[in-house]
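Have a look at the structure below, then the notes.
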Amino acid sequence: MPNTTINAHFQRLIRLLELEAEAEKQEALRDMQRRSPAAAETSGSTLIHLVIRDEEAGLGGRILLTLGKRNQTLNLPWTRLGTGTPVILSEEGRQSSDEGWRGVVSRLSKDSLQVAFSQWPEPESERPSFRLDRFTDEISNQRQQEGLEKANQAANSRFADLRDVLLGLRYPAYHLVDSPAPLNTSLNDSQLEAVRFALSAEDVAIIHGPPGTGKTTTLVELIRQITRTGQRVLAVAPSNLAVDNLFEKLLISGEKAIRVGHPARVRPDLRYQTLDALAEKHPNLKLSRKLARDAYVLRVQASKYTRARPEPGERRARRQEAKQMLADARKIEDQVVASVLDSARVVCATLTGLDRDMLGSQHFDWCIMDEASQCTEAAAWAPLQIADRLVFAGDHFQLPPTIISSQAVAQGFNVSLLERLIGQLGKGVARRLSVQYRMHQQIMKFSSQEFYEDSLSADGTVRDHLLLTLPGLAANELTGTPIDFIDTAGASYDESVELEGDSRYNLQEADLVVKKVQSLLAYGLAPTEIAVISPYSAQVRLLRERLQQPEMEIDSVDGFQGREKEAVIVSLVRSNREGLIGFLEDVRRMNVALTRARRKLIVIGDSATITIHPFYQRMVTYFESVGAYHSVWEERE
């Protein structure tokens with residue numbers, strides 16, 4: 001591949017990244033400015049009428065503010081704002097709604113949320129109220145662009161060699177390795193083969209993990225095998241949730257891992273092992289802090305008006321001394337950070353959570369990327385420049401990266417690097433995990449047939465498990481069968497469109513969902529073991545209002561990816577004469593929806609609408625073949 005083609009590839013990604021960044025910014029501004037505050041809150045991207053309930057100091061000099069409704073008896077409404085979400089806090093009543101203070105959500109509860117800021121908000125009124133809006137993450141975009149530019153410019157280096165493999169200039173190399181003695185003796189044959197194959201990679205390997213097949217468990221084994229040889233690993237993932245999941249399992253297994261990134265984006269119970277927390281414990285950091293404080297005092301003194309005329313050059317000398325003290329403080333801090341990182345065999349971070357200035361000359365033998373199918377290729381390049389070998393893990397038959405810009409989607413920006421590599425290099429660069437540990441075999445079977453060449457098998461511990469085998473649950477048709485499809489065709493369960501926005505909801509279908517939830521609860525299943533999911537945010541909001549179950553997870557399909565519950569109810573919403581199915585066109589969304597349940601899956605939808613698409617025709621046929629098809633008219637008997 002000539003340099004001009006390499007350049008064209010990365011310039012294209014940079015252009016698409018810019019398109020997406022602009023689309024994100026415009027969407028954020030639209031939510032903030034064009035919708036009424038109440039409508040913006042209903043959309044889930046905004047919270048209004050908030051007051052500061054508590055203030056405290058956080059790690060790394062950050063300010064933690066707890067925000068809630070002024071009436072403390074009120075819970076927060078449904079929101080898309082979650083831990084790690086970049087936000088902007090603005091004072092209500094100011095002329096410009098984009099004036100405010102940028103922060104990151106660090107904790108969320110039913111009646112309040114905590115946000116980490118780098119500076120104190122300074123409201124104008126004596127009794128201010130605030131609105132909090134989801135906003136763009138400029139640092140993330142900047143780091144992605146830097147990663148793409150460095151990949152484009154790389155020459156005569158290991159990074160350049162890896163780039164050429166990832167762009168298809170040459171095929172990746174592998175060498176024979178003996179199967180290592182497993183450190184986790186519970187791994188199955190496909191997991192052990194995936195570990196062995198990854199260890200044989202000179203350049204890149206892919207671990208393909210369908211739902212419930214223990215992908216993260218396999219990665220922990222791989223990382224432990226690598227560190228036993230004295231090599232270092234950079235473990236990354238697109239989201240803080242995915243990083244924390246891997247990080248937690250590494251710590252449990254005894255690995256000396258360190259979590260890098262904004263502490264507010266790390267789960268509270270894992271923050272003790274973050275870079276910030278470990279650096280704070282280092283004795284030399286106290287000296288750095290003292291130097292910084294003294295430098296600040298000197299700067300104030302240099303600027304302070306005094307009656308006595310200062311000696312010529314005295315103010316300048318003080319400013320210069322303060323500047324040198326700050327430089328010395330930063331140098332000590334950098335040495336502390338380097339010392340802490342050098343002590344770690346495994347460093348965990350999000351793809352864009354790596355600050356190159358902070359990492360300095362850190363280099364790793366391996367980069368292992370979990371959930372690699374959920375990130376854009378632009379994001380994936382950011383951490384690859386500081387590792388010698390790569391392992392991607394994910395499932396390109398589940399949801400791809402979420403992209404706002406329709407222009408960027410049309411040009412393939414939602415195709416992950418993992419998906420492109422399998423399409424470009426073939427299945428020879430990947431090993432698929434084939435035993436799943438989540439679902440009853442009937443829940444698993446349709447997904448296995450449709451997406452995985454019918455290669456999956458259910459482990460004996462889950463193959464036949466049902467709700468009725470759980471302690472305290474009543475035995476009946478609902479708890480004694482694994483799957484149900486309730487067909488609303490012909491019952492006038494018509495969909496509606498929300499007034500502001502284009503999301504869909506279905507009132508009658510929501511009523512049926514509520515009825516099924518109430519039955520599960522009546523039969524003894526705890527609300528924490530039930531999930532209700534839908535492709536449409538308007539239906540999610542409606543169901544939250546109808547069910548009033550704060551302990552029950554009610555979310556979009558996209559928001560529930562990677563999760564599981566004992567019972568899952570899926571509300572498909574679409575019911576129209578034209579056979580329009582919208583979001584459901586991407587059948588990967590349904591692959592996610594159908595594979596979240598462990599013991600009971602209930603799907604509610606209008607077959608007359610959805611079976612216009614061949615996938616849904618096969619799905620309904622499958623439900624019929626296992627005796628799980630029911631008409632909504634049976635519910636009315």
(message) Please enumerate all residues that pass side-chain hydrogen bond (donor to acceptor under 3.5 Å, both in side chains) together with N152, with sequence neighbours excluded.
(response) N7
(request) Could you check S537 against R80 for side chain to side chain donor-acceptor pair (under 3.5 Å), going step by step and ending with a plain yes or no? (result) CA-CA 10 Å; S537 57; R80 289 193 181 96; 3.2 Å; yes
(request) Mind jotting down which residue pairs meet the side-chain hydrogen bond (donor to acceptor under 3.5 Å, both in side chains) criterion with at least one end in residues 407-418? Sequence neighbours excluded, please. (result) R15-Q411
(request) May I ask you to say whether D244 pairs ionically with R259, meaning some side-chain N is under 4.0 Å from a carboxylate O? (result) yes
(request) May I ask you to say whether R389 pairs ionically with D203, meaning some side-chain N is under 4.0 Å from a carboxylate O? (result) no
(message) Ring of F117, cation from R102 - is the NZ or CZ under 6.0 Å from the centre and inside 45° of the axis?
(response) no
(message) By the ring-ring contact (aromatic ring centres under 6.0 Å, His included) test, which pairs, at least two apart or in different chains, include something from residues 375-394?
(response) F10-W381
(request) State whether a side-chain donor-acceptor pair under 3.5 Å links T227 with E255. (result) yes
(message) So, using ring-ring contact (aromatic ring centres under 6.0 Å, His included) as the criterion, who are the partners of F364 when residues are at least two apart?
(response) none
(request) Sequence neighbours left out, what passes ring-ring contact (aromatic ring centres under 6.0 Å, His included) with F197? Give chain and number order. (result) Y174
(message) Quick one about T217 and E221 (side-chain donor to acceptor, distance below 3.5 Å, no hydrogens or angles considered), yes or no?
(response) no
(request) State plainly whether the residues E248 and R267 are in salt-bridge range, i.e. N to O under 4.0 Å. (result) yes
(message) Could you tell me if the side chain of I226 sits less than 4.5 Å from the side chain of L199, heavy atoms only?
(response) yes
(request) Can you measure from CG (L50) to CD (E91) and round to the nearest 0.5 angstrom? (result) 12.5 Å
(request) Hey, could you give me the CG/CG distance between L390 and L384, rounded to the nearest 0.5 Å? (result) 5.0 Å
(message) What verdict does the side chain to side chain donor-acceptor pair (under 3.5 Å) test give for T350 and N240, after you've listed the backbone C-alpha separation in whole Å, the side-chain angles of each residue and the deciding distance to 0.1 Å?
(response) CA-CA 6 Å; T350 60; N240 285 284; 4.9 Å; no
(request) Please check if any side-chain donor atom of S373 sits under 3.5 Å from a side-chain acceptor atom of D395, or the reverse. (result) no
(request) May I ask you to decide whether R271 forms a salt bridge with D269, counting only side-chain N to carboxylate O separations under 4.0 Å? (result) no
(request) Ignoring hydrogens and angles, tell me if any N or O in the side chain of R143 forms a donor-acceptor pair with the backbone of A379 under 3.5 Å. (result) no
(message) For the backbone of L169 and the side chain of D164, can you confirm whether one donor and one acceptor N or O come within less than 3.5 Å of each other?
(response) no
(request) Begin from the C-alpha positions of R12 and E377 and carry the test salt bridge (Lys or Arg N to Asp or Glu O under 4.0 Å) through to its verdict. (result) CA-CA 11 Å; R12 168 184 164 274; E377 180 171 341; 5.6 Å; no
Check residues 336-346 and write down every donor-acceptor pair under 3.5 Å in which the side-chain atom is one partner and the other belongs to a residue at least two apart or another chain.
unit_1: D342; atom_1: OD1; unit_2: Q362; atom_2: NE2; d: 2.8
unit_1: S343; atom_1: OG; unit_2: V340; atom_2: O; d: 2.5
unit_1: R345; atom_1: NH1; unit_2: G230; atom_2: O; d: 2.6

(request) Determine whether the side chains of Q142 and Q145 contain a donor N or O and an acceptor N or O closer than 3.5 Å. (result) no
(message) Determine whether a donor-acceptor pair (N or O, by modelled atom type, separation under 3.5 Å) exists between the side chain of S106 and the backbone of Q114.
(response) yes
(message) Nearest 0.5 angstrom please: L399 CG to D558 CG, how far?
(response) 5.0 Å
(message) I need the I258 CD1 to D276 CG distance, nearest 0.5 Å.
(response) 11.0 Å
(message) So that I can tick it off, tell me whether E564 and R596 are bridged by a salt bridge, with the cut-off set at under 4.0 angstrom between side-chain N and carboxylate O.
(response) no
